[in-house]
Asker: 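To start, I am sharing the structure in question, which I have written as structure tokens.
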Amino acid sequence: METTVTALEPSAEPAPGEQDTAAKQIPPAAVARMTLYLRALNSLLGEGVERVSSEALAEASGVSSSTLRKDLSYVGSYGTRGVGYEVQYLSRHIAAALGLTHDWKVAIVGAGNLGKALARYGGFQSRGFDVVAILDADPMVVGNEVGWLRVSDAANLEQVLQRTGTNMVVLALPAAVAQDVCNRVIKAGIRSILSFAPVLLQVPPHVNLRKVDMATELQILAYHAQRAQTPGQAV
């Protein structure tokens with residue numbers, strides 16, 4: 001039976017390798033919430049806050065205190081009763097559990113409006129993601145500068161990924177070409193893909209694919225907005 005550490009109690013440093021094991025066991029929903037905790041902790045660090053209570057951290061993250069304490073038990077407990085959590089210490093351990101202490105080099109395939117906006121976004125660097133390349137198949141776009149990058153020819157996709165040491169790829173492509181490019185990316189050895197393409201991509205089991213469908217998210221918002229405007233309907 002697995003033992004769960006209460007997040008309000010002080011705990012010892014995890015043994016070598018223990019933290020990686022714990023990170024692999026974090027449920028997907030808890031992983032998503034961990035990113036919220038990390039963002040809140042980094043904001044507190046920016047404000048010079050050294051310690052935070054579970055209640056304050058939970059409120060800043062938009063979750064309940066009990067949910068936060070349960071989630072933090074997956075990475076070990078670093079809180080002390082009556083004192084709270086050491087912000088920098090907890091931030092560092094959550095980042096390690098999420099794999100953010102590694103070097104993540106990201107290539108963006110597709111230099112349209114979305115791809116350009118993603119390439120220019122400065123928030124990736126501060127969160128441990130280094131955008132190292134942007135590629136496109138349009139001869140009118142190849143060679144143009146986007147932020148601090150020059151658009152590479154997608155015909156040389158495999159060589160660019162190898163040269164830059166890319167280990168994550170973002171697909172900002174039309175549906176018609178997304179699967180073919182995805183197949184090339186996987187064949188080049190990439191195992192982590194974020195897709196903005198408006199199509200369901202097929203990938204082998206060993207590849208981690210995350211899909212961002214803004215149209216679907218807007219439809220969900222429309223559903224909730226409609227219910228909120230209908231008397232007697234709970235959101």
Side-chain angles (χ1 to χ4, degrees), residues 2-81 83-106 118 121-131 167-170 190-196 205-214 216-217 220:
E2 183 181 353
T3 301
T4 301
V5 181
T6 303
L8 283 179
E9 297 175 354
S11 66
E13 285 279 348
E18 179 181 308
Q19 186 167 282
D20 290 339
T21 301
K24 294 176 183 177
Q25 298 173 345
I26 302 176
V31 171
R33 290 191 294 268
M34 290 286 183
T35 64
L36 301 179
Y37 306 152
L38 187 58
R39 181 171 61 186
L41 288 165
N42 287 339
S43 294
L44 291 171
L45 281 173
E47 297 169 5
V49 177
E50 296 182 355
R51 287 192 173 273
V52 62
S53 67
S54 60
E55 291 78 11
L57 181 55
E59 182 178 356
S61 306
V63 303
S64 67
S65 295
S66 59
T67 296
L68 179 137
R69 289 193 292 267
K70 181 178 180 181
D71 288 345
L72 293 184
S73 71
Y74 292 113
V75 295
S77 174
Y78 305 98
T80 303
R81 189 182 300 276
V83 178
Y85 300 98
E86 185 180 338
V87 174
Q88 186 173 26
Y89 193 61
L90 182 57
S91 173
R92 186 167 65 247
H93 280 274
I94 291 179
L98 293 177
L100 301 181
T101 54
H102 297 280
D103 291 328
W104 298 115
K105 297 184 177 181
V106 181
L118 292 171
Y121 176 56
F124 290 134
Q125 187 81 37
S126 63
R127 298 187 185 186
F129 300 94
D130 185 13
V131 179
N167 46 25
M168 282 189 179
V169 165
V170 175
I190 303 300
R191 299 292 178 262
S192 300
I193 300 172
L194 177 65
S195 174
F196 287 87
H206 65 275
V207 173
N208 293 312
L209 172 70
R210 298 285 296 178
K211 176 174 171 53
V212 180
D213 189 332
M214 288 181 281
T216 296
E217 297 301 324
I220 294 171

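All values derive from a computational prediction rather than experimental measurement. Reckoned from all heavy atoms, side chains included, excluding hydrogens, waters and symmetry mates.
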Asker: Ignoring hydrogens, what is the shortest heavy-atom contact between G84 and R51? Give both atom names and the distance.
Answerer: O-NH1, 3.5 Å

Asker: Find the distance between CD (E59) and OG (S64) and round it off to the nearest 0.5 Å.
Answerer: 12.5 Å

Asker: Taking all atoms of both residues into account, what is the closest heavy-atom pair of L118 and V170, and its distance?
Answerer: CD1-CG1, 3.9 Å

Asker: Specify the closest pair of heavy atoms between R33 and V63, including all atoms of both residues, with the distance to one decimal.
Answerer: CD-CG1, 3.9 Å

Asker: With rounding to the nearest 0.5 angstrom, report the CG to CE distance, L41 to M34.
Answerer: 11.0 Å

Asker: Under a 4.5 Å cut-off applied to non-hydrogen side-chain atoms, are I193 and M168 in contact?
Answerer: no

Asker: Are the side chain of N167 and the backbone N or O of W104 linked by a donor-acceptor pair below 3.5 Å?
Answerer: no

Asker: Got a second to check how far L57's CG is from L36's CG, nearest 0.5 Å?
Answerer: 10.0 Å

Asker: If you measure from OH on Y37 to OG1 on T67, what distance do you get to the nearest 0.5 Å?
Answerer: 6.0 Å

Asker: From L44 CG over to R39 CZ, what is the distance, rounded to the nearest 0.5 angstrom?
Answerer: 12.5 Å

Asker: State whether a side-chain donor-acceptor pair under 3.5 Å links S91 with N42.
Answerer: yes

Asker: For the residue pair I94 and L72, establish whether any side-chain heavy-atom pair is separated by less than 4.5 Å.
Answerer: yes

Asker: Could you tell me which residues satisfy side-chain hydrogen bond (donor to acceptor under 3.5 Å, both in side chains) with D213, sequence neighbours excluded, listed by chain and number?
Answerer: T216

Asker: Evaluate the side-chain proximity of R210 to L194: yes if any heavy-atom separation is below 4.5 Å, no if none is.
Answerer: yes

